[in-house]
Structures are given as structure tokens and as C-alpha cells.
Protein chains: 2
Amino acid sequence: MIGNLTPVFAALGDDTRWAILVRLGEAPASASALAKEFPISRQAIVKHLDVLARAGLVESQQRGRELVHRALGGRLSDVARELERIGEQWDARLARIKKLAEG
Amino acid sequence: MIGNLTPVFAALGDDTRWAILVRLGEAPASASALAKEFPISRQAIVKHLDVLARAGLVESQQRGRELVHRALGGRLSDVARELERIGEQWDARLARIKKLAEG
DNA sequence: TTCGTGTGCAACCCAACAGTTGCATACGAG
DNA sequence: CTCGTATGCAACTGTTGGGTTGCACACGAA
């Protein structure tokens with residue numbers, strides 16, 4: 001099972017943050033490197049990375065004097081499976097209600 | 001394919017809104033009915049429903065003089081599948097990079 | 001017809017959040 | 001050693017967004 005889902009969604013629900021995450025999905029990178037690719041300051045990047053990390057979507061690792069961040073696809077997949085389960089449940093329930101109303 | 005994902009995530013990324021959506025997943029309801037179950041005003045509920053509707057997660061239907069809203073599990077499942085695809089892609093890419101670095 | 005209830009619109013408040021700038025520090029390459 | 005660069009911390013600003021209240025309106029039941 002997965003803990004609260006909303007922090008994860010909140011983390012994913014910002015365009016800039018999503019873009020950063022997708023970028024990290026292509027290849028790991030440091031905050032400074034990302035700041036050169038995106039039109040925002042390094043500090044803003046750092047804040048986004050922090051949010052993503054707390055949501056379990058990003059993991060960091062010291063490499064020399066750099067802190068390299070990488071996207072955790074596994075976590076994303078876990079959330080996705082949980083989400084799909086819930087969605088199917090809703091539709092099943094709705095179908096049952098409809099059937100009751102008709103029959 | 002699915003349009004921009006971030007609005008959907010943003011919609012799901014609020015505890016109250018998520019709670020409302022889950023509630024609608026159990027059974028359709030009107031805004032006024034929901035307002036009696038939740039500790040917030042009807043207007044707040046309406047705003048949340050609006051956000052959810054724009055994200056394609058909720059559909060409304062006039063029933064008598066009531067506007068009844070229901071959760072769209074199918075939409076949730078679609079997003080989930082898209083998400084899982086992306087997550088797997090990231091991990092695959094990461095594994096490839098790792099292999100290159102080792103070999 | 002009348003009263004109750006469900007909805008819609010608008011203005012307003014406050015907290016959370018994205019983003020900035022400035023400064024201090026630390027560490028690796030040359 | 002020294003310079004450049006990557007990081008961390010802190011304070012500040014502007015905007016978004018969740019929530020409220022007030023009012024007008026419309027429709028269904030009694």
C-alpha cells in the first residue's frame with residue numbers, strides 16, 4: 001500500500017515541477033545544471049526538488065561535490081497502479097447502482 | 001493520448017478535493033448534499049467540483065432541479081496508465097545508462 | 001400560491017507557494 | 001594555493017487558490 005496520495009499529486013501538479021521531473025527522467029542532473037536549462041533561478045529548482053523528494057519521486061546522491069538528482073519511475077508506477085485500482089472501483093460501483101435503478 | 005496531465009494532478013493534489021472525489025466515487029451527489037457532509041461551505045464545494053470537472057474527473061447531470069455530480073473512474077484509469085508508462089520509461093532509461101557506465 | 005431549498009454570481013480575506021536576491025561556505029580543478 | 005563553481009540558508013515579494021459571506025433567482029412540493 002502507499003501512504004497519502006495527495007502530496008504526490010500536489011508535487012506533480014505544477015507545470016515547472018513536472019517539467020523538471022520529466023527532465024530528470026531522461027537523465028540525472030544537479031540543481032545547478034537544471035538551473036541552466038530552465039528559465040528560473042537555482043533556488044527555485046532546489047525548492048522544487050525538495051517537494052519532489054518529499055513526495056518520494058526523486059532521490060539524490062552526492063557525486064564529488066555535486067548533488068545529483070534522479071527521477072524514481074518505480075514510485076510513479078506504484079502511484080499509477082493504486083490510481084487505476086481506485087478508478088476501476090468507482091466505475092464498477094456506478095455500474096452496480098445503475099443496474100439496481102434499472103432492474 | 002491524454003492532454004496535459006498537470007491540471008489533473010493539481011486537481012487531485014488537495015486533500016479536501018480528493019476527499020470529495022472519493023465520496024463521489026461511492027455515489028453521485030449534488031453540491032448541497034456534499035456541503036452537508038463536509039465541514040466547508042457549499043460554495044467551496046462548488047469550486048472544487050469545478051476544478052475536478054475541468055480536469056475531466058467529474059461529470060454533472062441535471063436531475064430535477066438538482067445538479068448531480070459523479071466521479072469518472074475511467075478518466076482516472078487513463079491517467080494512471082499514462083503515468084505507469086512514463087514511470088517504466090524512466091527506470092528503463094536509468095538502467096540503460098547504468099549499464100553503459102559499468103560496461 | 002407560497003415557502004423551502006438548490007443553484008449561480010460576485011466580492012472579499014488570508015495563507016500557502018512559486019520565485020527572487022543576497023550572502024556565506026565549501027570543495028575540486030588547474 | 002587560488003579561483004571558479006556548487007551548495008545551503010534566509011528574508012522578501014507577488015500571485016494563486018481555498019474558503020467565506022451575501023444576495024438574487026428559480027423551481028418543486030405542500
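What you see below is based on every heavy atom in this structure, not just the backbone, and it leaves out hydrogens, waters and symmetry mates. Throughout, protein chains are lettered first and strands after them, A, B, ... in sequence-line order, and every chain is numbered starting at 1.
- Put simply, CG on A:Asp91 and NZ on A:Lys98 are 10.5 Å apart, with the number rounded to the nearest 0.5 Å.
- As rounded to whole Å, 11 Å separates atom C1' of D:dT13 from atom NZ of A:Lys47.
- A heavy atom closer than 4.0 Å to some atom of DNA chain C occurs in A:Asp14, A:Thr16, A:Arg17, these being the qualifying members of residues 8-30 of chain A.
- Close to D:dT20, at under 4.0 Å from its OP1 or OP2, lies a side-chain N or O of B:Ser41.
- Separation of atoms CD1 (A:Ile86) and CG (B:Leu21) is listed at 9.0 Å; rounding is to 0.5 Å.
- In this structure, A:Ala44 and B:Lys36 both approach DNA chain C, and ranking their closest nucleotides by distance from the 5' end singles out B:Lys36.
- When the C1' atoms of four end pairs are superposed on the next four at each end of the helix from C:dT1-D:dA30 to C:dG30-D:dC1, using five pairs per end, the two resulting axes differ in direction by 40°, to 10°.
- Counting only residues at least two apart or on different chains, no salt bridge (Lys or Arg N to Asp or Glu O under 4.0 Å) pair has a member in residues 2-12 of chain A.
- If you measure from atom CG of A:Leu34 to atom C1' of D:dA6, you get 13 Å, rounded to the nearest angstrom.
- At a threshold of 4.5 Å between non-hydrogen side-chain atoms, the residues A:Leu49 and A:Leu34 count as touching.
- Looking at B:Ser41 and B:Val46, their side chains never come closer than 4.5 Å, going by heavy atoms from C-beta outward.
- The OG atom of A:Ser32 sits 9.5 Å away from the CD1 atom of A:Ile45 when rounded to the nearest 0.5 Å.
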Would you be so kind as to tabulate the donor-acceptor pairs closer than 3.5 Å made by side chains of residues 66-76 of chain B, with sequence neighbours excluded?
unit_1, atom_1, unit_2, atom_2, d
B:His69, ND1, B:Ser60, OG, 2.7
B:His69, NE2, B:Leu67, O, 3.4
B:Arg70, NH2, B:Glu59, OE1, 2.5
B:Arg75, NE, B:Ala55, O, 3.0
B:Arg75, NH2, B:Ala55, O, 3.2

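- Summarising the geometry, atom CG belonging to A:Leu12 is positioned 10.5 Å from atom CG belonging to A:Leu5; distances are rounded to the nearest 0.5 Å.
- Qualifying side-chain contact (heavy atoms from CB on, under 4.5 Å) partners for B:Ala10, counting only residues two or more places apart in sequence or in other chains: none.
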Polar pairs (N or O, both sides) under 3.5 Å between protein and nucleotides 23-29 of chain D?
unit_1, atom_1, unit_2, atom_2, d
D:dC27, O2, B:Arg65, NH1, 3.1

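- Screening residues 16-46 of chain B for ring pair (Phe, Tyr, Trp, His ring centres under 6.0 Å) gives A:Phe9-B:Trp18 as the qualifying pairs, with residues at least two apart or on separate chains.
- Where DNA chain C meets chain A (any atom under 4.0 Å from a heavy atom), the bounding nucleotides read 5' to 3' are C:dA18 to C:dG28.
- A salt bridge (Lys or Arg N to Asp or Glu O under 4.0 Å) check over residues 8-36 of chain A, counting only residues at least two apart or in different chains, returns the pairs A:Arg23-A:Glu37.
- Taking the salt bridge (charged side-chain N to carboxylate O under 4.0 Å, His left out) definition, one finds that B:Arg81 meets it with A:Glu84, B:Asp78, sequence neighbours left out.
- For the side chain to side chain donor-acceptor pair (under 3.5 Å) test, no residue two or more places apart in sequence or in another chain qualifies with A:Asn4.
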